[in-house]
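Reading through the structure tokens given below for one structure.
Predicted, not measured: the structure shown is a model, and the values here were computed from it. Reminder, nothing fancy here: chain letters follow the sequence lines and each chain counts from 1.
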Amino acid sequence: MAVNMNTASQWNPLQLQAIWRELEDQVHPFSRVLSIRGEAFRQLDAAAKLFIARRFMEHVQESVLYVIDGNGIDRVYLGAPKHLVDGGGTILRPPGSNLYWIRPAVHKITTATLIAPPVPAKHVKIPRPPNAYILYRKERHHHVKISNPGITNNEISQLLGKAWNLESREVRQKYKDMSEKVKQALLEKHPDYQYRPRRPSERRRRRRNTQSQDQQDNTDANNATTSPGDASASAATPSDSTDAV
DNA sequence: CCGAATGAAAG
DNA sequence: CTTTCATTCGG
């Protein structure tokens, strides 16, 4: 496993064909992942792996990856990562190591310990980066709570919200910079991160009314969410009773 | 889950 | 413009 990627394989073309024919038995219209015995895989050099991968790619028409089985079976899989995590599996990459695929946990997980580093899986939810005020509040939360026995979190928010607005631009800028750094660190760790808020529909109904909402109509003080725009959504207001999770 | 603050991001 | 959600944690 050295540097030669583009050099010729130690296997001649005829041998490569033979290796491929054996694996090709697994190929059918619905197979998206190839299974290769660990022992056989270790016989392959870089060029041979590339040869096989390209052949398989002709069938699946997508980028593929070699992934070592992390469930205790001496086996390697070739395919797009998404097919390995579809059923809830996880692909882990211990630092400086190969990729391991962890099965959801069907019957027996014998060698789960093989993969110690808690590298986040593909689809774990990444929390959004905190904004300047959130960092400010987080930093002072404990102190405020200690200083004001019995204070509630909501009151802490009110207190620190006031304090925040009274802070100098320098102080606020300091936290703004911090939030920016936190965000950059997150993007570095998760280059594909994207804030994806759920649609209002798939979450709860009524949200609190903010500034200048005014009392347009006091028939139902509980019903907010009146769009100021037009009459398109006036009558509807679907679901209102049960939202929850 | 909600709320209470602020602000980033998305629609 | 609107809403979600990042922080906190008792209700």
Practice problem: Could you check whether the rings of Tyr66(A) and Phe41(A) sit parallel, tilted or perpendicular, using 30° and 60° as the cut-offs? | Solution: tilted

Exercise. State whether a side-chain donor-acceptor pair under 3.5 Å links Gln158(A) with Asn154(A).
Key: no

Self-check item: Minimum side-chain heavy-atom gap Asn12(A)-Gln15(A) below 4.5 Å
Solution: yes

Quiz item: Rounded to the Å, how far apart are Arg137(A) CZ and dT7(C) C1'?
Solution: 6 Å

Exercise. Write down the distance between CG (Leu186(A)) and P (dT7(C)), rounded to a whole number of angstrom.
Key: 11 Å

Quiz prompt | Protein-nucleotide distance (His141(A), atom NE2; dT6(B), atom C1'), rounded to Å | solution = 16 Å

Practice problem: Could you tell me the separation between the NE2 atom of His142(A) and the P atom of dT7(C), rounded to a whole number of Å? | Solution: 18 Å

Self-check item: Any residue of residues 148-171 of chain A with a heavy atom less than 4.0 Å from an atom of DNA chain C
Solution: Asn153(A)

Practice problem: Check step by step if salt bridge (Lys or Arg N to Asp or Glu O under 4.0 Å) holds for Asp74(A) and Arg42(A). | Solution: CA-CA 10 Å; Asp74(A) 186 20; Arg42(A) 286 188 289 276; 2.8 Å; yes

Quiz item: Under 3.5 Å, is there a donor-acceptor pair linking the side chains of Glu167(A) and Tyr136(A)?
Solution: yes

Nucleotides 8-11 of chain B: which of its N/O atoms have a protein N/O under 3.5 Å away?
| residue | atom | partner | partner atom | Å |
| --- | --- | --- | --- | --- |
| dA8(B) | N3 | Arg128(A) | NH1 | 3.3 |
| dA8(B) | N3 | Arg128(A) | NH2 | 2.3 |
| dA9(B) | OP1 | Lys183(A) | NZ | 2.7 |

Quiz item: What is the distance from OH of Tyr175(A) to P of dT7(C), rounded to the nearest Å?
Solution: 16 Å

Quiz prompt | Verdict with supporting geometry, Glu24(A) and Arg21(A), salt bridge (Lys or Arg N to Asp or Glu O under 4.0 Å) | solution = CA-CA 5 Å; Glu24(A) 201 171 17; Arg21(A) 262 197 301 281; over 6 Å; no

Practice problem: Scan Pro129(A) against the nucleic acid and name what it touches under 4.0 Å (heavy atoms): base, sugar-phosphate only, or nothing. | Solution: nothing

Self-check item: Partner residues of Glu155(A) under the salt bridge (Lys or Arg N to Asp or Glu O under 4.0 Å) criterion, sequence neighbours left out
Solution: none

Quiz prompt | Closest heavy-atom pair and its distance - Asn131(A), Ser179(A) | solution = C-CB, 3.8 Å

Quiz item: Think Lys145(A) has a side-chain N or O under 4.0 angstrom from the OP1 or OP2 of dT7(C)?
Solution: no

Exercise. Any chance you could measure Gln26(A), atom CD, to Phe56(A), atom CZ, to the nearest 0.5 Å?
Key: 8.0 Å

Exercise. In whole angstrom, give the distance that lies between atom OH of Tyr136(A) and atom C1' of dA5(B).
Key: 11 Å

Exercise. Specify the separation, in whole Å, of atom NZ of Lys138(A) and atom C1' of dT6(B).
Key: 16 Å

Quiz item: What is the distance from CG of Leu187(A) to C1' of dA6(C), rounded to the nearest Å?
Solution: 14 Å

